[in-house]
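Each remark here refers to the structure printed beneath this line.
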Amino acid sequence: MIQYYFDWSVIWRSWDKFMAALGLGLTLAVISLAAGTVIGLACAMARVYGPRWLSWPVWLYVEFIRNVPLLLLIFFVYFGLPELDISYLDKTQSFILTLSLYAGAYMTEVFRAGLASIPRQYMEAAKAIGMRPWQRQRYVIMPVMFRITLPAFSNNLISLFKDTSLAAAIAVPELTFVARQINANTFRVMESWLTASALYLITCYVIATALRLLERRYASIR
Amino acid sequence: MSDQVLLQARGVRKSFGTVEVLKGIDLDVRQGQVVSLIGASGSGKTTFLRCVNLLEEHDGGDILLDGDPIGYRVADGRRKRLSETKVSAQRARIGMVFQSFNLFPHLTAEGNVMLGLTKVLGKGKAEARDIAGHWLDRVGLGARRGHYPYQLSGGQQQRVAIARAVAMQPRLLLFDEVTSALDPELVAEVLGVMQKLAEEGMTMLVVSHEMLFVREVSHHVVFMDQGRVAQAGSPAEIFDRPENERLKGFLGRFHAMFGQAV
C-alpha cells in the first residue's frame, strides 16, 4: 500500500483564500437565486395567467435551460456571446448571468406548480370580501404560494451553491478553482480537495438546517 | 323590518356549456329578511347564490342590489360588463360564507377578519383589530384570535368565516350550505351564530339542508327544482301546505328521516 503523508500546513497558510473563495461562491448562489426568483415569478405568472403568445416562449426558455448541461451554458454565455457582439461581461458577471437564467428556469417550474396547487377556494374567499385582482395576488395567492414552495426554495439554493463550482471552468476564483490552484502549486492533492469538499458539505448542511427552521416557522399550511 | 327590496332577481339564467342550470329565477329579498333556498342537489341553489356574488356570471336576466345591476351597467341601451375593479367594489357590499370555510391558511383568525377591513375598506390596523376582536367575541372565539385555521375545528373555522364576512358590514350575507361539511355535533354552534345574526336584522340569503333551521329562522322560503322556482312562500306555506308535487316528495324524504318535526 502506498503511504500518503498528510501535510495540512499548506491549507492553513492559504486559509484566507479558502474563506474568500467560499464567500464568493455563496454570494454567486444568493444573487442568482434572487434573480432567478424574480425571473421565475414573472415566467410562472406569464404561463398561468398570461396569453398564449407569452406562454410558449416561456416554455421554450424553461425546456432549453433544463435540458442543456449547465457547463455548456456557462461556456456559451462567456465565450459565445462576445463572438456575436452581444455582451462583454467579465467572467464573474457572465457566470452570474448564466446561473440566474438557470435558476430562473427551475424557479419557473417551482412557482408554476405552487400556483397550480393553491385551491380555488382561497381565491374565491378573497373575491368575496371584495379584494381587487392585484390585492388577491399580493395578500393571498403569493403568501400562500411562498409557504408551499419554501422547501423547493431551500433545495434550489443548495443546488445552486454546489453548481457555483462549475465557475472554476472559466477561472472565477471560487472554492473549486482555489482548491485546484493550491493543488497545482503545492501538490498537496488530498489536503486541498478534502478541504474544499468539507467546506461545501458544512455550508450546505448549515443552509439546509437554517431553512428547515424557517419552514417550521411558516408551517401554518397543512 | 322595512319593506324595501334589497336584492331583486328577474329571469336569471345561467348555463354551463349546453346544460342550463338556471332557467329564469325570480326572487326578492327585502331588507332585514332571511330568505332560504331549498331543493335537491343540482337544482341550481348554489349556482344562483354564486351569481349574486359574481363568482359566476349569469347569462340572462337581471340581479339588482339596491337597484344597481350586478356585473354590468347599461349604456346606450346596451349592457356593458363592469371592470374587475368595479365588480370587486360590488362584491364588498355582499358577504359570503362558503361550505368549506375557505379561511386564508397563512393568517390567524384575527388576520382573516382584518384583511378585508384594512385592504378593501382602508381602515387602520388598530381599528381593524378592534372590529375583528368584537366580531370574534360575538361568534364565541375571542380567545382563539391568534390561532391559525389548522388549529381550529371545522365549526370554529366556519364561525371565523362568518365573523370575516359580517365584519365588512355587508348589505347582504350569502350562506352556501355552510354546515354541510361539518361533523353533526358542530352544526348547532354555527346555526346558533346565524340565528343571532338573523334576529338582529341582518339580511340573509341562505342555501341549506337544515330544514328545522330553515323553518324556524326564515321569513320566506324558496323551493327550487331543476333550475326553476317551483314554489315559494312563508315557512308555514312551504312546510305545512306544500302544493308542488316535487316539493311534497322532497319534504317527504326529510319527514322519513326526521319524523314530523319538519
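Note on naming: letters A, B, ... go to the chains in the order of the sequence lines (proteins, then strands), and numbering restarts at 1 for each one.
Taking the side chain as every heavy atom from C-beta outward, B/Phe104 and A/Ile129 approach each other to under 4.5 Å. Counting heavy atoms from C-beta outward, A/Tyr139 and B/Lys119 have side chains that approach closer than 4.5 Å. Two residues are said to be in side-chain contact when any heavy atoms from C-beta on lie closer than 4.5 Å; B/Ser88 and A/Arg136 meet this criterion. Residues A/Glu124 and B/Asn53 have side chains not in contact (no heavy-atom distance under 4.5 Å, counting atoms from C-beta outward).
Heavy atoms only, all atoms of each residue included: B/Phe98 and A/Ala125 are closest at CE1-CA, 3.8 Å.
Taking CG from B/Leu54 and NZ from A/Lys127, the interatomic distance works out to 9.5 Å, rounded to the nearest 0.5 Å. Here CZ of A/Arg120 is found 9.0 Å from CG of B/Leu55. Values are rounded to the nearest 0.5 Å. With rounding to the nearest 0.5 angstrom, the CE atom of A/Met142 is 11.5 Å from the NE2 atom of B/His106.
Between chain B and the options A/Met131, A/Arg138, A/Met123, the largest number of non-hydrogen pairs under 4.5 Å is found for A/Met131.
When A/Ile118, A/Ile148, A/Val144 are each tested for a side-chain contact (heavy atoms from CB on, under 4.5 Å) with B/Pro105, only one passes: A/Val144.
B/Leu117 does not touch chain A: none of its heavy atoms, backbone or side chain, sits under 4.5 Å away. Only the side chain of B/Arg50 has a heavy atom closer than 4.5 Å to any heavy atom of chain A. Proximity to chain B (any heavy atom under 4.5 Å) is restricted, for A/Gln135, to the side chain, taken from C-beta onward.
Of residues 159-175 of chain B, those residues lying under 4.5 Å from chain A by any heavy-atom pair are B/Arg164, B/Met168. Interface with chain B: from residues 38-52 of chain A, no residue qualifies, criterion being any non-hydrogen pair under 4.5 Å.
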Would you give me the side-chain donor-acceptor pairs under 3.5 Å for residues 66-81 of chain A, sequence neighbours excluded?
from	atom 1	to	atom 2	distance (Å)
A/Asn67	ND2	A/Glu63	O	2.8
A/Asn67	ND2	A/Glu63	OE1	3.2

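Remark: B/Phe16 CZ is packed, more than 12 non-hydrogen atoms of other residues, nucleotides or ligands lying under 6.0 Å away.
A/Ala168 meets the side chain to side chain contact (heavy atoms under 4.5 Å, CB included) test with A/Glu174, A/Thr176, A/Phe177; sequence neighbours excluded.
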